[in-house]
Amino acid sequence: MLSVKGLNTEYKTPKGPPVKAAQDVSFDVPKGKFFTLLGPSGCGKTTTLRSIAGLEKPTSGEISVNGTVVYSSAKGIFVPPNRRNFGMVFQSYAIWPHMTVFANAAFPLEVRKDKPSKQVIQDKVMGVLAAVQLDHLAERDATRLSGGQQQRLALARALVMEPELLLLDEPLSNLDLKLREAMRFELKRIQRDNGLTTIYVTHDQGEALALSHEIAVMSEGRIVQIGPPRAIYDHPRTKFVADFIGTTNFLEGTVKGETGANRFAVDTPIGSMTVASEEKLSSGMPVSISIRPEDIELSETALAAEGGANIYSGSIDATVFLGDFVDVQVKAGSAMLQSRTHPSLSASEGDTIHMRISPEKCVAIEDTVRA
Ligand SMILES: Nc1ncnc2c1ncn2[C@@H]1O[C@H](COP(=O)(O)OP(=O)(O)O)[C@@H](O)[C@H]1O
Ligand SMILES: [Mg+2]
């Protein structure tokens, strides 16, 4: 549906070299899918989205939608934004005051050159207001809506043009936490029920994991990994991705050798560790092993190494009770590991604790630079 190939977008600066805000960005989004650009502030998400919309002119690359090229440096094509028929909602969405909810949603149709008939506008607007569940408030002054309702109205206004593609730039970021979580479900429902191909920009990893069919993680203008939420979470390819998506422990180690099919032994500060890896790890290679806190199983009694699991012991350095789970800091060898466990754990600070870590949950990432 959407295809972005080798996109580069730069900003000129008054002095010095241009800012390379998007570099060699490529991805494909099938029809009806929810695709997210995720990364820290300044990594080039908005630039990429604005380039797709036609609000920025890239320096090179190609963008096509449904097989129609809307930008191509090689072919000299640049379709202006108003002719791309994309719906957009930004972080700073503007609801027009002194206008009803209906008038706000109808605005994009009213200003069209080929303005539809009154009846068509009525039907379309009531249709999108129903989709975002605001139809019962159609006659209300738009400023008398709650934050979440205003957000839904901004979405309705983007949907009324029946866009081929919906572009959303951090649309939930100025809502409070509770509302943001509620709106996640709303957004997902609206996207799914209407089969909308959506490109979503956020720096919030929880939002990205909850909403997306696929996530592209960006860093310094480039996409560093693309995949479904689970794959990105379970198999981060770089330390940046492992660290940015969720919480993780890193153990620096050195590969000792292969011990079985897709099994490798790694020397770490807590002892020898068996790691599962589809890719071959060569002896002597420096690696960081990423282990999620929820994958370190704790036990107050000694553990047997069944099924090839990694077994270690250490002492509890600190515990933090968080209601439905406990975060436990465990000192083992020269390392400190964080484990997330069930609140039934009764051991406390200073106690000996045993750990079990499945090799499948140990992700070895090659260390290219080690300080
Ligand atoms: N209009 C602009 N002029 C110059 N530099 C810009 C402009 N907009 C963004 N940048 C720079 O481009 C980089 C990417 O910005 P942006 O795409 O807004 O990132 P994100 O949306 O991921 O926070 C940043 O270094 C930012 O400072
Ligand atoms: Mg941005």
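Just follow the structure's listing: the first ligand is 1, and inside any ligand the first atom is 1. Computed from a predicted model, the values in this text were never measured in an experiment.
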Fill in the blank from the handout: min-distance protein heavy atom vs atom 4 (C) of ligand 1 -> Y11 CB, 3.3 Å
Exercise for the section: Decide if atom NZ of K188 counts as having more than 12 heavy atoms of other residues, nucleotides or ligands within a radius under 6.0 Å. Expected result: yes
Exercise for the section: Would you verify whether the NZ or CZ of R84 falls within 45 degrees of the ring axis of Y71 while also being under 6.0 Å from that six-membered ring's centre? Expected result: no
Practice task
Find all atoms of ligand 1 within a distance of less than 4.0 Å from any non-hydrogen atom belonging to G42, and give their numbers and elements.
Solution key: 13 (C), 14 (C), 19 (O), 20 (P), 22 (O), 23 (O), 24 (C), 25 (O)
Exercise for the section: Kindly state if atom 2 (C) of ligand 1 has a protein heavy atom within a strict 4.0 Å cut-off, that is, under 4.0 Å? Expected result: yes
Practice task
Please state whether the separation between the Mg ion (ligand 2) and some N/O/S atom of T47 is under 2.8 Å?
Solution key: no
Handout entry: For A21, the ligand 1 atoms whose distance to one of its heavy atoms is below 4.0 Å
Key = 12 (O), 13 (C), 14 (C)
Completion exercise
In this structure, atom 19 (O) of ligand 1 is nearest to the protein heavy atom G44 N, 3.2 Å
Exercise for the section: Take atom CD of E294 as the centre, draw a 6.0 Å sphere, and report whether it contains more than 12 heavy atoms from other residues, nucleotides or ligands. Expected result: yes
Practice task
Apply salt bridge (Lys or Arg N to Asp or Glu O under 4.0 Å) to the pair E360 and R263, showing each step before the final yes or no.
Solution key: CA-CA 9 Å; E360 272 77 24; R263 288 283 191 287; 2.8 Å; yes
Handout entry: Protein contact to atom 18 (O) of ligand 1 [nearest heavy atom, distance to 0.1 Å]
Key = T46 CB, 3.7 Å
Exercise for the section: May I ask whether atom 27 (O) of ligand 1 is less than 4.0 Å from at least one protein heavy atom? Expected result: no
Handout entry: Proximity flag S41 to ligand 1, non-hydrogen atoms under 4.0 Å
Key = yes
Problem - Identified salt bridge (charged side-chain N to carboxylate O under 4.0 Å, His left out) partner of E297 from the options R356, R292, R340 - result: R356
Handout entry: G32 backbone acceptor or donor facing T197 side chain under 3.5 Å
Key = yes
Exercise for the section: For T47, take its heavy atoms, then give the atoms of ligand 1 lying under 4.0 Å from any of them. Expected result: 14 (C), 15 (O), 16 (P), 17 (O)
Problem - Worked verdict on D234 versus R230 for salt bridge (Lys or Arg N to Asp or Glu O under 4.0 Å) - result: CA-CA 6 Å; D234 289 343; R230 259 244 100 84; 3.0 Å; yes
